[in-house]
Amino acid sequence: MGNHKREKVICLSLIIVLICVLLYSIGKLSHTYKPVKIAVSKKEARQYLEEEGYFIIYYKYIKPVCCESKWILYYTDGEKKGPVVLIGNNPYTMYDLDNTIFSSKQNKILVKGTIEENYSQYARETVICVDEWEIIAPIKREYSLGNRIEYKYDYRLFYPKDYIDEYDVKKGNFIPNTVGQQILQWFETDYLLETEENYYIIESNKVGNEIKWYLLNIGKEKLDEEREIIMTGDSPELHFSDVMLEGSGISGMYFLVKGNYQENNNTLEIEQWQIESSIWRDTYDSERQCSKYYLDENDIKVGNYIP
């Protein structure tokens, strides 16, 4: 009887050891990808708040009296806090394709930047232009059905909490190779149209086999009818392939441009331009991860964007 009990104890112990070894192996396997972005600790982040121009960005759940409950981005500088919109080097739009990391409600970001008072009459939230950012440990990943790419995803039971790794890059959860063109926030467009001279909104559109250009706004005045235009100077058509300019197929790409419009011959000489709408590509698969908010090095590599 005693031997039988001893055998049961030994078998149970072996099973526990095997489970531990299996879990350890899975955990070790999940950490074999190299780090690409090291997180800062909570303590380090709080210390940075003692310096001017540093903020912690996080999600907060609010229940307004008039509207549905929702999660929104908040900021704190250690004393003040409130709803926030980020522009500039914004990790929430620039680096995450399917919202696994940066839309996790448990993750927080440390940013260095400037509060932009110019937009106070346009945006209800505080606007912060981000120069640099760091993610704060521990890093959570939200792998969910809604975040799957083409309805298939390699979930990780164990993942590193103190860094973003090459696996995140491979799956589109982190895009490290963005380049210097991002889309404008609506209030940035409104501010420039209303306060500066010689700003216009133009749109590309595919007509037959040809890309044509149309003028939509002259300053803050929206035209009753779009006007087909001829462009000179530093036109966006010199920087983008027809595939990109075709856009979603329903509408093309929109740009806010600064320049000189000659109404007598419908010619627009462009000095500078910025993207004003979401960026569409003709491919969207596991081999070609890309953001609709920002251009990346792959766009240059395949010829979609010419700096």
Side-chain angles (χ1 to χ4, degrees), residues 53 55 57 73 75 82-94 111-133 178-205 211-240 244-245 247-248 251-263 266-280 291-295 299 305-307:
F55 311 90
I57 310 298
L73 277 183
Y75 84 99
V84 69
V85 175
L86 303 181
I87 61 175
N89 190 22
N90 178 4
Y92 292 92
T93 56
M94 286 169 53
V111 305
K112 181 181 180 181
T114 307
I115 292 179
E116 297 288 345
E117 303 290 354
N118 291 337
Y119 303 122
S120 58
Q121 62 179 328
Y122 299 92
R124 289 178 298 177
E125 304 88 347
T126 297
V127 178
I128 296 178
C129 183
V130 179
D131 297 321
E132 303 172 11
W133 65 273
T178 51
V179 294
Q181 279 293 339
Q182 62 177 323
I183 68 170
L184 291 170
Q185 293 274 7
W186 66 268
F187 54 80
E188 294 179 275
T189 299
D190 285 357
Y191 173 76
L192 289 171
L193 288 175
E194 292 186 16
T195 62
E196 301 288 337
E197 294 184 350
N198 301 322
Y199 272 93
Y200 311 88
I201 293 179
I202 62 173
E203 178 193 9
S204 62
N205 224 323
I211 298 293
K212 293 191 174 183
W213 291 88
Y214 299 91
L215 182 65
L216 307 182
N217 276 65
I218 298 177
K220 62 182 179 181
E221 178 193 353
K222 185 174 182 180
L223 300 179
D224 293 330
E225 239 179 78
E226 58 186 28
R227 300 177 189 173
E228 187 176 346
I229 55 172
I230 299 169
M231 295 190 299
T232 62
D234 188 25
S235 166
E237 65 185 344
L238 302 175
H239 299 275
F240 291 92
M244 294 281 278
L245 294 175
S248 64
S251 62
M253 288 184 73
Y254 293 82
F255 295 88
L256 177 71
V257 302
K258 184 177 183 180
N260 183 25
Y261 174 57
Q262 300 292 330
E263 190 170 358
N266 276 336
T267 299
L268 178 58
E269 183 181 4
I270 295 174
E271 298 173 16
Q272 61 187 53
W273 55 267
Q274 292 173 279
I275 304 169
E276 210 268 329
S277 62
S278 297
I279 301 167
W280 294 85
S291 170
K292 63 181 179 179
Y293 302 106
Y294 217 86
L295 298 171
D299 292 314
Y305 173 59
I306 304 166

Q. With respect to Leu256, which candidate in Ile202, Ile275, Leu193 satisfies the side-chain contact (heavy atoms from CB on, under 4.5 Å) definition?
A. Leu193

Q: State which residues pass side-chain hydrogen bond (donor to acceptor under 3.5 Å, both in side chains) with Thr189; sequence neighbours excluded, sorted by chain then number.
A: Glu276

Below 3.5 Å, can you tabulate the donor-acceptor pairs from side chains in residues 215-223 to any protein atom, sequence neighbours excluded?
none

**Q.** By ring pair (Phe, Tyr, Trp, His ring centres under 6.0 Å) - contacts of Trp133 (at least two apart)
**A.** Tyr95, Phe102

Q.
Within the structure provided, determine whether Ile279 and Leu295 are in side-chain contact (heavy-atom separation under 4.5 Å).
A. yes

**Q.** Which residues share a side chain to side chain contact (heavy atoms under 4.5 Å, CB included) with Glu197, sequence neighbours left out
**A.** none

Q: Working to the nearest 0.5 Å, report the span between OH of Tyr254 and CD1 of Ile183.
A: 13.0 Å

Q | Ser277 (side chain) donor-acceptor with Met253 (main chain) under 3.5 angstrom | A | no

(Q) Rounded to the nearest 0.5 Å, what separates atom OH in Tyr214 from atom OG in Ser204? (A) 10.5 Å

(Q) Looking at every heavy atom in both Gln185 and Glu188, which two are closest together, and how far apart are they? (A) N-OE1, 2.8 Å

**Q.** CG on Asp299 to CD1 on Ile306, rounded to 0.5 Å
**A.** 11.5 Å

Q: Report the residues that fulfil side-chain hydrogen bond (donor to acceptor under 3.5 Å, both in side chains) with Thr267, sequence neighbours left out, ordered by chain and then residue number.
A: Asn265

Q: Mind telling me whether Phe55 and Tyr75 have parallel, tilted or perpendicular rings, with 30° and 60° as the class edges?
A: perpendicular

Q: Compute the centroid of each ring, for Phe240 and then for Trp273, and state whether the two points are separated by less than 6.0 Å.
A: yes

Could you go through residues 112-130 and list every donor-acceptor pair under 3.5 Å that involves a side-chain atom there, pairing it with any protein atom two or more places apart or in another chain?
from   : atom 1 : to     : atom 2 : distance (Å)
Ser120 : OG     : Glu117 : O      : 3.0
Tyr122 : OH     : Glu194 : OE1    : 3.3

Q: Heavy atoms only: give me the nearest Leu192-Tyr199 pair and the separation to one decimal.
A: O-CD1, 4.0 Å

Q: Show the numbers, then the answer: is there a side chain to side chain contact (heavy atoms under 4.5 Å, CB included) between Ile87 and Phe187?
A: CA-CA 11 Å; Ile87 61 175; Phe187 54 80; 3.8 Å; yes

Q.
Nearest 0.5 Å, please: how far is CD in Gln262 from CG in Asn260?
A. 5.0 Å

Q) When rounded to the nearest 0.5 angstrom, what distance separates CZ in Phe255 from CG in Leu184? A) 11.0 Å

What donor-acceptor contacts under 3.5 angstrom involve side-chain atoms of residues 224-236, with partners at least two apart or in another chain?
from   : atom 1 : to     : atom 2 : distance (Å)
Arg227 : NH1    : Tyr261 : OH     : 3.2
Asp234 : OD1    : His239 : NE2    : 2.7
Ser235 : OG     : Glu237 : N      : 3.1

